[in-house]
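Since the structure comes first, as structure tokens, the remarks are kept for the end.
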Amino acid sequence: MFRAIAVRFLSKQAVSKVPERNYIPRRALMYVPGDDYKKINKAFGLDVDCIALDCEDGVALNKKDARSNIRAVLDQGKPQKKKNYDFGVRVNSIESGLCHQDLESCLTGRNLPDTVLFPKVEEGDHLKWFADEIRHLIKNNGKINLIIYIETARAFINLNEICKTAMQLSKRFNFIPSALVFGSDDFCANIGQRIHWKFCMHGKKLVLVAKAYNLQAIDMVYIEYKDLDGLKLQCEQGMRMGYTGKQVIHPGQVPVVQEAFLPTKYQIEWAEGLLKSFEEHQKSGKGAFSYRGSMIDMPTMKQAQNIMKLANLAE
Ligand SMILES: CC(C)(COP(=O)(O)OP(=O)(O)OC[C@H]1O[C@@H](n2cnc3c(N)ncnc32)[C@H](O)[C@@H]1OP(=O)(O)O)[C@@H](O)C(=O)NCCC(=O)NCCSC(=O)C[C@](C)(O)C(=O)O
Ligand SMILES: [Mg+2]
């Protein structure tokens, strides 16, 4: 009997799936220092998927009152643009001692940001702290998206536990885990190494764990912001690894990144043709068939669907 119960329990576990959630594209995640009104206004005029007003490292220590600016911007209401976009606030880390004030300021006014970007998360307990904070601050059943920053060696060691805790807490608290960000600059500082693009192993681990939890994976900042060719190359490398977007720090980087994280015309044409052909072959009872010289079956069809989903979302 115990065996029967155990088998039933295990099979229930085996089929439990990470839930699908509404997908907000974040191809370019653009930082704007929260103390700089000029840059904030400029950002609202850009065609960018995600704007993150920053309280953290883009703001000098003697300007940490940036949170009041951000509160004022939020109170005016999210500026509407032709296309919807994600409007977030990056707060300071727990370790800084400033996080509580930042959260209090950005979550208690007239309007909530869409998303809170939470830096230097190192263990599940950091998320428990976060969940407890926002439980007291957010009123009227409000809900925010959460973007989690992985930027230290400890965070990489605890990555699975961090994501698991985020998923569990999100069932009881008012946030939706949405993405993992690779904070490569802090990671380099943390491990005492400078040439960060060599750390592909960690970048790949982040993508893998993000996918396992149905989260977006957002790639490192390219700080040589005038080198657009280098940026394009790094976008392509990241996209091939499975990243869904990239952090940017300057308006000039935005179009390159927005474009790079879209399927090309060739990929769209390939996917459309494949899906049509797949449907026809299914009707005639063929699970596997040949298309433009390659063997196609269910997994390739799903890849084509992914391409079309991405192409449609960004329209
Ligand atoms: C690099 C800087 C200093 C060059 O700033 P600049 O003013 O010298 O540049 P510019 O070329 O003269 O700027 C041209 C125009 O763009 C505007 N502009 C320029 N940047 C922005 C911006 N971000 N948002 C909105 N507008 C911006 C600027 O105001 C100007 O506007 P104008 O034509 O009307 O006069 C400037 O671009 C900047 O401050 N960028 C943001 C830096 C930042 O936020 N850093 C922190 C995020 S990265 C990070 O934290 C790491 C991570 C993830 O945590 C980890 O890997 O660990
Ligand atoms: Mg950082």
Side-chain angles (χ1 to χ4, degrees), residues 17-18 20-21 23-29 31 49-50 52 90 117-124 126-127 146-167 177-224 227 229-249 253 256-264 267 299-300 302-307 309-310 313:
K17 276 178 68 182
V18 177
E20 290 274 345
R21 55 184 73 88
Y23 192 89
I24 311 169
R26 293 186 184 87
R27 289 168 295 165
L29 183 163
Y31 293 105
D49 284 348
C50 175
R90 180 168 74 165
L117 299 93
F118 190 30
K120 302 188 179 70
V121 175
E122 295 201 302
E123 53 187 56
H126 286 180
L127 293 172
L146 175 67
I147 296 185
I148 299 169
Y149 279 67
I150 302 300
E151 35 192 356
T152 61
R154 266 187 78 211
F156 273 103
I157 286 173
N158 294 329
L159 192 50
N160 187 44
E161 184 233 339
I162 289 170
C163 293
K164 210 169 173 177
T165 308
M167 293 302 158
S178 301
L180 296 181
V181 162
F182 184 21
S184 61
D185 284 339
D186 268 303
F187 183 65
C188 291
N190 182 248
I191 66 169
Q193 178 53 271
R194 289 181 63 206
I195 317 164
H196 58 235
W197 45 88
K198 298 278 181 202
F199 292 103
C200 286
M201 189 180 85
H202 306 287
K204 281 180 188 160
K205 179 174 176 180
L206 184 141
V207 171
L208 186 72
V209 179
K211 302 280 164 169
Y213 286 92
N214 224 344
L215 297 167
Q216 291 171 352
I218 300 175
D219 204 0
M220 60 178 91
V221 167
Y222 191 68
I223 58 173
E224 288 82 8
D227 172 16
D229 291 337
L231 174 68
K232 188 164 180 268
L233 193 68
Q234 210 183 66
C235 287
E236 283 161 6
Q237 287 165 347
M239 196 178 180
R240 261 185 239 127
M241 246 189 252
Y243 278 101
T244 51
K246 191 169 183 67
Q247 302 160 81
V248 301
I249 49 167
Q253 295 184 313
V256 177
V257 174
Q258 293 273 119
E259 173 81 31
F261 282 89
L262 270 186
T264 61
Q267 288 170 316
T300 346
K302 287 182 181 167
Q303 290 169 29
Q305 278 181 334
N306 286 344
I307 289 173
K309 227 191 264 178
L310 207 57
L313 276 170

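Position 1 is the first residue of the sequence; numbering continues from there. These numbers were taken from a predicted model, which means no experiment stands behind them.
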So which heavy atom on [X] is nearest to which on [Y], and how close?
X	Y	result
G124	E161	N-OE2, 3.1 Å
A260	M239	O-SD, 3.1 Å
L206	L159	CA-CD2, 3.9 Å
I150	V121	CD1-O, 4.3 Å
I223	D185	CG2-OD2, 3.5 Å
I191	A153	CG2-CB, 4.2 Å

Worked verdict on L231 versus V257 for side-chain contact (heavy atoms from CB on, under 4.5 Å): CA-CA 8 Å; L231 174 68; V257 174; 4.0 Å; yes
Close side-chain approach of T152 to D186, heavy-atom, < 4.5 Å: no
Side chains of F261 and D49 in contact at under 4.5 Å (non-hydrogen atoms): no
Ring centres under 6.0 angstrom apart (F156, F182): yes
Spacing of [X] atom [atom1] and [Y] atom [atom2] [to the nearest 0.5 Å]:
X	Y	atom1	atom2	answer
R27	Q216	CZ	CD	11.5 Å
N158	C163	CG	SG	11.0 Å
Q253	E224	CD	CD	9.5 Å
K120	F187	NZ	CZ	13.5 Å
I147	R90	CD1	CZ	11.0 Å
M220	C188	CE	SG	8.0 Å

CA sep, side-chain torsions, deciding dist, call: L180, Y213, side-chain contact (heavy atoms from CB on, under 4.5 Å): CA-CA 10 Å; L180 296 181; Y213 286 92; over 6 Å; no
Sub-3.5 Å donor-acceptor pair from the side chain of [X] to the main-chain atoms of [Y], do we have one?
X	Y	result
Q267	T264	yes
Q258	A28	yes
E122	R154	no

Residues L215, I148; criterion side-chain contact (heavy atoms from CB on, under 4.5 Å); working and verdict: CA-CA 10 Å; L215 297 167; I148 299 169; 5.6 Å; no
Pairs where residues 235-249 contributes a residue and the test salt bridge (Lys or Arg N to Asp or Glu O under 4.0 Å) is met, not counting sequence neighbours: D219-K246, K232-E236
E259: salt bridge (charged side-chain N to carboxylate O under 4.0 Å, His left out) partners, not counting sequence neighbours: none
K211 atom NZ, neighbour heavy-atom count above 12 within 6.0 Å: yes
